[in-house]
Amino acid sequence: MEKAWWKEAVVYQIYPRSFCDSNGDGIGDIQGIISKLDYIRDLGVDIIWLSPVYQSPNDDNGYDISDYQAIMDEFGTMEDFDELLIKAHDRGLKIIMDLVVNHTSDEHKWFAESRKGRDNPYRDFYIWAEGKNGMAPNNWGSWFGGPAWEYDEKTDMYYLHIFSKKQPDLNWDNEKVRTAVFDMMTWWLDKGIDGFRMDVISLISKVPGFPDGEKGEGLYGDLTPFCAHGPHVHEYLREMNERVLSKYDIMTVGEAACVTLEEAKKYAGYDRHELNTVFQFEHVEGVKGPLGKWTDEKLSLTQLKRIFKKWDEGMDGIGWNTLFWSNHDQPRAVSRFGDDSPKYRELSAKMLGTCLHMMRGTPYIYQGEELGMTNAGFERLEQYRDLESINAYREYVSGGRASHEEMIKYLKFISRDNARTPMQWEDAPNGGFTEGTPWIEVNGNYKEINAALETADTDSVYAYYKELIRLRHEMEIIVYGSFELLMEDSEEVFAYKREYEGKSLFVLCNFTKEEVICPEAFREGKLVIGNYKGEAKDVLRPYEAAVYIV
Ligand code: GLC
Ligand code: CA
């Protein structure tokens, strides 16, 4: 297996809006990030993934970009960005940027031109179609609710938007679009950034002709089969690789929404010359109910384990996996996969960290995960800021498909805002995130869960994550060892073995609050890390994690 720096690295994701506010306007910003670079360096990570900081009207918190080569006013200036990049590099931290090029904002100058007229030179930068019998071109529903087509009076045509109507999809079949995007990427890479996380990159090529999608109980048809892994996606990524990526020593990770193992091999296969890695989502997609993602059902542990096994085995020797429990689109890991009650929060957060960080693949930590931050669990709709959550509530409650209580229950469990509450820095008003009024409420538990407390405590979730990261940097077996799932049928224990150069690493994680039996044979070597003091031989204690090497 070929070694590479991005296989050995640990990535830390920053959601700038919620990270640190330096000027009291209630919104995180670049100077705020700069002020916390030492904190990130001390954790020991190698790479920062910065969610979008580009100019944006913030319909979708920066994932709707109106200028790719300018910084959002609320976040600062390009000088601030340049300072961030220099100061991160000074500390040995790389920065990968979010690249959102499936769509732009409707306030991007390309779209402003495009909608002016059918003959405008930018018309074909976007996907326009004629209506049918006074209706949209087809029945597709947007992933953010409502129809996926928006009527534009000026030219009497519709434009496609998989996400909100303020996020029109770019037309990648147009060579000029590809060139404009590649030039922009080159501009950032020449500035010295270290790679890209590519937003919904699997959606950039659409099936021509726009056939209707299958309809479930809802009003709209499903566009996914016609937009995910479309006919030219691999061709365009190879072109991107050839014209841009291959010229730099960088790292790329594609957010491959809806990706299957077979497709992932194409995006990230070593011999494919497309991307280094992709995010797959099977383990966080969970159980789909009648309302799609809106449910509070959980995958069973055996289902969860089989997903990790399938991806490890499937990519073995073919490509490299990514590992994550959460990001800005998912609820908090400890609330979802662990137990966020005061009694078990720390134990289960450490257990989840162990389970993920000892696996093969590049691990990602979402801001606050290293503190064991929990879901916000907002009870009132007014507390939510995320348009996906608000749209879903309106669509399902006013459409009579869910009651208010039911929908709030689902939002509390799965809404993206659970992960978007401000980073908890200290026991100070608003958790030390801002001196003003935060754009979204701070989680009420900041007095008990915050960075100041945890960095001073050698037994904290933070200290434990730091140790996990250090171990990965020291032990090649954690990076490059083979992976074998043990106790596959256990609904309580997630156990696996890594092997490398004659050594074996046993990773044992109890996903329950009961004591469970665990074969002594797995605990024979030397303890590498564990979340309990004192060893127990034949049982795993509640949420115990233990790693042994022989
Ligand atoms: C990705 C982002 C998400 C955003 C969507 C549209 O899934 O992670 O936050 O809303 O793309 O850009
Ligand atoms: Ca600010």
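Counting begins at 1 with the first residue of the sequence. Atoms within each ligand, like the ligands themselves, are counted from 1 in listed order.
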Query raised in the report: Could you walk me through whether E282 and K288 pass the salt bridge (charged side-chain N to carboxylate O under 4.0 Å, His left out) check?
Result: CA-CA 11 Å; E282 267 185 74; K288 288 247 157 70; over 6 Å; no
Tabulated below should be the N or O atoms of ligand 1 paired with protein N or O atoms at under 3.5 Å; can you produce that?
unit_1   : atom_1 : unit_2 : atom_2 : d
ligand 1 : 7 (O)  : E255   : OE1    : 3.2
ligand 1 : 7 (O)  : E255   : OE2    : 2.9
ligand 1 : 8 (O)  : R197   : NH2    : 3.0
ligand 1 : 8 (O)  : H328   : NE2    : 2.9
ligand 1 : 8 (O)  : D329   : OD2    : 2.4
ligand 1 : 9 (O)  : H328   : NE2    : 2.9
ligand 1 : 9 (O)  : D329   : OD1    : 2.7
ligand 1 : 9 (O)  : D329   : OD2    : 3.4
ligand 1 : 9 (O)  : R416   : NH1    : 3.3
ligand 1 : 10 (O) : D60    : OD1    : 3.4
ligand 1 : 10 (O) : D60    : OD2    : 2.5
ligand 1 : 10 (O) : R416   : NH1    : 3.0
ligand 1 : 11 (O) : D199   : OD1    : 2.9
ligand 1 : 11 (O) : D199   : OD2    : 3.1
ligand 1 : 12 (O) : H103   : NE2    : 2.9
ligand 1 : 12 (O) : D199   : OD2    : 2.8

Query raised in the report: Quick one: which of W128, W149, Y126, Y151 gives a ring-ring contact (aromatic ring centres under 6.0 Å, His included) with Y159?
Result: W128
**Report entry** ring-ring contact (aromatic ring centres under 6.0 Å, His included), paired with F324, selected from Y366, W311, F279
**Finding:** F279
Report task. Using salt bridge (charged side-chain N to carboxylate O under 4.0 Å, His left out) as the criterion, list what pairs up with K298, not counting sequence neighbours. Result -> none
Report task. Can you list, by chain and residue number, the protein N, O or S atoms under 3.0 Å from the Ca ion (ligand 2)? Result -> D21 OD1, N23 OD1, D25 OD1, I27 O, D29 OD2
Query - Distance-only polar pair, side chains of Y68 and H108, donor-acceptor under 3.5 Å - result: no
Query raised in the report: For residues 427-437, which residue pairs qualify under side chain to side chain donor-acceptor pair (under 3.5 Å), counting only residues two or more places apart or in two chains?
Result: D21-T434
Query - Member of R420, K293, R394 meeting the salt bridge (charged side-chain N to carboxylate O under 4.0 Å, His left out) criterion with E388 - result: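 Option passing the salt bridge (charged side-chain N to carboxylate O under 4.0 Å, His left out) with E388: K293.
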Requested in this report: May I ask you to check if R178 and W172 form a cation-pi contact, with NZ or CZ under 6.0 angstrom from the six-membered ring centre and within 45° of the axis?
Outcome: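 Here R178 fails the 6.0 Å and 45° test against W172.
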Query - Ring-face cation contact, W425 with K36, 6.0 Å cut, 45° max - result: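 Yes, K36 lies over the aromatic ring of W425.
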